[in-house]
Amino acid sequence: MGGKTKKHLEVLREMRSRAVLGGGQKRIDQQHERGKLTARERLALLLDEGSFQEFGALATHDLNAFGLDKHRYPGDGIVTGFGKVNGRRVAVFAQDFTVLGGSFSEVQSQKISRIQDMALEAGIPVIGLNDSGGARIQEGVRSLAAYGEVFVRNVTASGVIPQISVILGPCAGGAVYSPALTDFIIMAGPSYMFLTGPDVIKAVTGEEVTAQELGGADVHTARSGVAHLAAETELEGLAMTKLLLSYLPQNNNEEPPQITPEDPVTRMDEALNDLIPDNENQPYDIRDAIEMIFDQDSFLEIQPDYAPNAVIGFARLDGYSVGIVANQPCYMSGALNIHASAKIARFIRLCDAFNVPIITFVDCPGFLPGTSQEYGGVIRHGAKIIYAYCEATVPKISIVTRKAMGGAYVAMGSRQMRNDVTFAWPTAHIAVMGPEAAVRVLFREEIGKAADPAAREAELIAEYREKFFNPYRAADVGQIDEVIEPCETRPRLARALEVLRTKVQQNPPKKHGLCPV
Ligand code: HXC
């Protein structure tokens with residue numbers, strides 16, 4: 001090797017090793033002291049060993065305002081590129097808090113936009129690891145416009161490639177909107193997300209809150225519904241990200257991958273036949289049914305702590321990915337409310353976008369009555385469920401396990417929502433409303449005139465139950481395809497899905513519908 005080439009190589013190696021250090025060893029130590037990993041350490045945990053190809057490691061800004069010239073670091077506070085997760089290609093970016101607090105700059109935006117564009121063309125998911133103090137203040141409008149560049153790409157890619165945001169530190173101000181435009185937000189470690197921080201809130205309202213109280217994982221997984229999953233540690237959060245990807249296709253033109261099934265589809269769990277309590281008002285946990293029916297240990301619940309009256313998540317059946325939507329009888333009797341409606345509808349649309357068949361378990365007394373729900377727009381939000389089911393063209397199968405009352409039956413379980421197959425367990429009852437309310441509406445006068453009103457009311461309620469509290473009337477009129485033993489659910493679902501695997505259904509061409517958002 002000539003002396004000149006050697007010199008060139010030395011320069012390159014020097015620059016590369018500087019890039020690896022981000023904002024410098026002192027900042028890396030501070031990051032570790034905060035209990036956080038660096039951008040590169042995170043990527044090493046996320047990606048298959050040796051698979052990372054970095055782009056833009058040497059890119060930096062050429063601005064001088066407010067002392068920026070003293071903060072010129074190769075990479076400019078973000079590591080971007082491509083790699084593999086369990087052998088499947090992904091595009092990644094990881095914000096580097098050691099450089100100006102990971103603050104979002106024009107260069108960061110150019111780097112993210114580049115991998116977003118390439119990922120969309122290649123049809124591969126984008127995973128963003130967020131750890132940033134928001135728009136780089138010194139860059140002014142440049143950093144604001146920079147966010148816009150990323151947002152528009154988030155939207156263009158929506159429904160085409162999966163986009164996952166992992167929040168591993170601060171995610172403040174407008175920075176929250178890129179994650180909010182992606183398909184999943186996973187919060188891990190001491191992370192938080194808010195639009196306006198504690199200082200601003202104190203100045204405007206006088207209220208004192210900490211960053212965690214305002215936008216920690218507990219807030220966003222249980223109260224606001226902004227985040228979909230949370231993990232105690234960064235390691236767990238990154239493992240969760242990999243697991244989530246395994247249920248999704250690379251893009252909307254592909255099917256999710258099938259893993260080699262180890263659990264026979266013919267397996268029938270007899271315990272399912274005893275799951276529904278004799279007393280119709282006694283709760284049970286629908287997750288027990290899900291665990292017994294789908295491939296062993298394959299259920300990944302999404303948003304478990306938000307609107308727990310509805311359960312959503314991914315599972316596998318015969319190794320194939322499926323999306324599960326269920327009412328949860330052990331929380332608010334499984335009644336649907338505003339939050340549950342939004343949770344369910346979004347998940348249906350996500351499954352539909354990414355070719356994941358939807359299996360729905362129905363046990364719902366109806367929509368939750370009350371002024372707070374009506375004033376909050378439960379009509380509009382509830383309509384989202386109907387819209388999402390009707391619009392979805394992926395295979396859809398529903399199983400009525402117990403109550404399917406009124407609007408809840410129509411919205412969640414019915415064939416009219418273009419459900420392909422509708423099963424019911426013998427414990428199912430499908431009616432316009434519960435017996436007490438129905439009898440009061442239909443027979444008020446008759447009961448009032450009766451010699452013993454209470455006895456007559458009880459008699460009419462019993463008659464109503466006899467008529468409607470079974471699945472056979474619905475099966476008679478063709479609304480239920482088959483009444484099955486609960487323990488048969490697994491093989492029956494697997495067979496139905498096998499038939500539906502090649503289902504083709506198309507909606508009429510349009511710019512887009514007007515989903516009641
Ligand atoms: C430039 C920033 C920065 C920012 C942090 N830093 N945020 N530099 N622009 N937005 C720098 C700090 O000055 C500091 O540098 C270093 O990063 C580490 O930050 P610390 O404050 O020491 O860290 P910590 O105590 O952990 O606090 C983190 C933080 C805080 C809570 C995120 O830094 C903070 O409040 N930052 C500002 C948040 C914010 O308001 N962002 C703008 C949002 S508005 P030195 O050299 O001193 O160590 C927005 C609009 C976008 O984003 C709209 C798009 C549509």
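Atom set for the values below is all heavy atoms of this structure, side chains included, hydrogens, waters and symmetry mates excluded. From a predicted model like this one, the values you see are computed outputs, not experimental measurements. In each ligand, atom 1 is the first atom listed, and ligand 1 is the first ligand listed.
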Any N or O of Tyr192 closer than 3.5 Å to N or O of ligand 1:
no
I'd like to know if Phe104 contacts ligand 1, where contact means a heavy-atom distance under 4.0 Å to any ligand atom.
no
Within 45° of the axis and under 6.0 Å from the centre of the six-membered ring of Tyr320, does NZ or CZ of Arg501 qualify?
yes
Ligand 1 to Leu144, heavy atom cutoff 4.0 Å, flagged ligand atoms 50 (C), 51 (C), 53 (C)
How close does the nearest protein non-hydrogen atom get to atom 43 (C) of ligand 1, and which residue and atom is it?
Gly173 CA, 4.0 Å
N/O donor to acceptor pairs below 3.5 angstrom from side-chain atoms of residues 506-517, sequence neighbours left out:
residue: Asn507; atom: OD1; partner: Arg418; partner atom: NH1; Å: 3.4
residue: Asn507; atom: OD1; partner: Arg418; partner atom: NH2; Å: 2.6
residue: Asn507; atom: ND2; partner: Glu391; partner atom: O; Å: 3.0

Nearest non-hydrogen contact to atom 49 (C) of ligand 1 from the set Gly77, Gly134, Gly174 belongs to Gly174
of all protein heavy atoms, closest to atom 20 (P) of ligand 1 is Arg34 NH2, 4.0 Å
Among residues at least two apart in sequence or on other chains, which ones pass side-chain contact (heavy atoms from CB on, under 4.5 Å) with Glu14?
Arg18
Less than 4.0 Å from atom 47 (O) of ligand 1, is there any heavy atom belonging to the protein?
no
Does Tyr177 have a heavy atom less than 4.0 Å from any atom of ligand 1?
no
Quick check: do Arg316 and Ser246 have side-chain heavy atoms less than 4.5 Å from each other?
yes
So which protein heavy atom does atom 38 (C) of ligand 1 come closest to, and at what separation?
Gly133 O, 3.1 Å
For Ala172, state whether at least one heavy atom is located under 4.0 Å from any atom of ligand 1.
yes
With a 4.0 Å cut-off on heavy atoms, does Gln138 reach ligand 1?
yes
